[in-house]
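To start, the structure under review is shown below, and the notes come after it.
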Amino acid sequence: SVFEGYGLSENSSVVSINTQKENKIGTVGKPLAHVQIKLSENKELLIKSSSLFAGYLNTDNSSCLIDEDGWLNTGDIASIDDEEYITILGRKKNIIINNNGRNLSPEWIESTFKEIKSIDNIIVFDNKEGLSADGRKNIKGISASLFGETIKGAKELEYLLFPGFL
């Protein structure tokens, strides 16, 4: 059997895992006994545990922040259900705010597209040429492989699955 879990080096251990007795597909399981979890206001997964590392030797832009109360900001956007199962929805740094002001996770859009049997692969990318007039990143396009054929800027797919979102 294979069970999905979640961990990061800053915790020096696994954070959560599904087990044979407690397994919810689509989640990364429940936190281990020594790990506390919560979500920030912007849905970022925060953890606190007895195995949390002491800190970084040098400043690193890719490093996770530990707040004054000892919570590690993982950089992962998540949800936690009533039974404490964690679902990772995307990375905070990947969030794209569309023209309608909606926060979109490319990972969520991509996973939704991948549920369509005819789509082999997909990538959602933002506007790297610059920001919109109000300073927001915009979804520039979607590139998909449909029945083995590459489709760039597949607007008909965008609006079919996400009317009013993109």
Side-chain angles (χ1 to χ4, degrees), residues 1-98 101-115 119 121-132 134-144 162 165-166:
S1 296
V2 176
F3 298 101
E4 195 170 356
Y6 171 81
L8 24 92
S9 56
E10 291 87 351
N11 190 46
S12 307
S13 136
V14 173
V15 171
S16 63
I17 193 162
N18 280 297
T19 65
Q20 191 138 10
K21 289 182 180 180
E22 295 182 306
N23 185 23
K24 189 179 279 190
I25 295 176
T27 73
V28 293
K30 292 182 175 186
L32 300 180
H34 70 283
V35 179
Q36 298 172 38
I37 58 170
K38 71 177 184 177
L39 297 177
S40 70
E41 287 182 18
N42 63 3
K43 307 291 185 210
E44 181 178 1
L45 181 63
L46 307 177
I47 64 168
K48 188 188 278 193
S49 79
S50 59
S51 61
L52 202 57
F53 78 138
Y56 295 99
L57 178 61
N58 297 310
T59 303
D60 179 356
N61 290 339
S62 67
S63 62
C64 298
L65 169 76
I66 299 177
D67 69 20
E68 62 278 354
D69 295 322
W71 289 95
L72 176 75
N73 293 246
T74 65
D76 292 313
I77 304 301
S79 65
I80 303 170
D81 70 16
D82 293 339
E83 298 175 275
E84 281 207 308
Y85 283 95
I86 303 167
T87 302
I88 304 297
L89 303 171
R91 292 286 296 156
K92 183 178 174 182
K93 67 181 180 181
N94 293 347
I95 294 295
I96 298 170
I97 303 172
N98 73 358
R102 291 200 167 111
N103 293 329
L104 300 171
S105 168
E107 296 89 349
W108 171 73
I109 297 170
E110 291 162 356
S111 65
T112 302
F113 273 109
K114 286 179 184 177
E115 291 176 9
I119 293 183
N121 207 348
I122 186 138
I123 183 169
V124 174
F125 49 96
D126 66 5
N127 182 355
K128 295 289 185 193
E129 281 91 44
L131 303 175
S132 64
D134 61 0
R136 297 178 180 165
K137 291 191 293 182
N138 293 306
I139 291 177
K140 181 176 180 186
I142 292 178
S143 180
F162 306 101
F165 275 82
L166 304 180

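Predicted, not measured: the structure shown is a model, and the values here were computed from it.
Partners of Lys92 by side chain to side chain donor-acceptor pair (under 3.5 Å), not counting sequence neighbours, listed by chain and number: Glu44. The salt bridge (Lys or Arg N to Asp or Glu O under 4.0 Å) test applied to Glu4 returns no partner, not counting sequence neighbours. Lys38 meets the salt bridge (Lys or Arg N to Asp or Glu O under 4.0 Å) test with no other residue; sequence neighbours excluded. By the side chain to side chain donor-acceptor pair (under 3.5 Å) test, Tyr85 is found to be paired with no residue, residues two or more places apart in sequence or in another chain being considered. Partners of Asn42 under the side chain to side chain donor-acceptor pair (under 3.5 Å) rule, at least two apart in sequence or in another chain, are Ser40. Remark: Lys48 engages no residue in a salt bridge (Lys or Arg N to Asp or Glu O under 4.0 Å) (not counting sequence neighbours).
Atom-to-atom distance recorded for Asn18:CG and Thr27:OG1 is 4.0 Å, nearest 0.5 angstrom. In this structure, the separation between CG on Asn73 and CG on Leu46 is 5.0 Å, given to the nearest 0.5 Å. With rounding to the nearest 0.5 angstrom, the NZ atom of Lys24 is 12.0 Å from the CD1 atom of Ile86. Note that the OH atom of Tyr6 and the CD1 atom of Ile37 stand 10.5 Å from one another [nearest 0.5 Å]. Atoms CD1 and CG, from Ile47 and Leu8 in turn, are 5.0 Å apart once rounded to the nearest 0.5 Å. Atom OG1 of Thr74 is separated from atom CD1 of Ile88 by 6.5 Å, given to the nearest 0.5 angstrom.
Looking at Asp81, its side chain does come within 3.5 Å of a backbone N or O of Glu83 through a donor-acceptor pair.
No more than 12 heavy atoms of other residues, nucleotides or ligands lie within 6.0 Å of CD in Glu84, so this atom counts as exposed by the packing criterion.
Counting all heavy atoms, side chain and backbone alike, Ser51 lies closest to His34 at OG-NE2, 3.2 Å.
Of the candidates Leu39, Leu89, Leu45, Thr87, Leu89 is the only one forming a side chain to side chain contact (heavy atoms under 4.5 Å, CB included) with Ile77.
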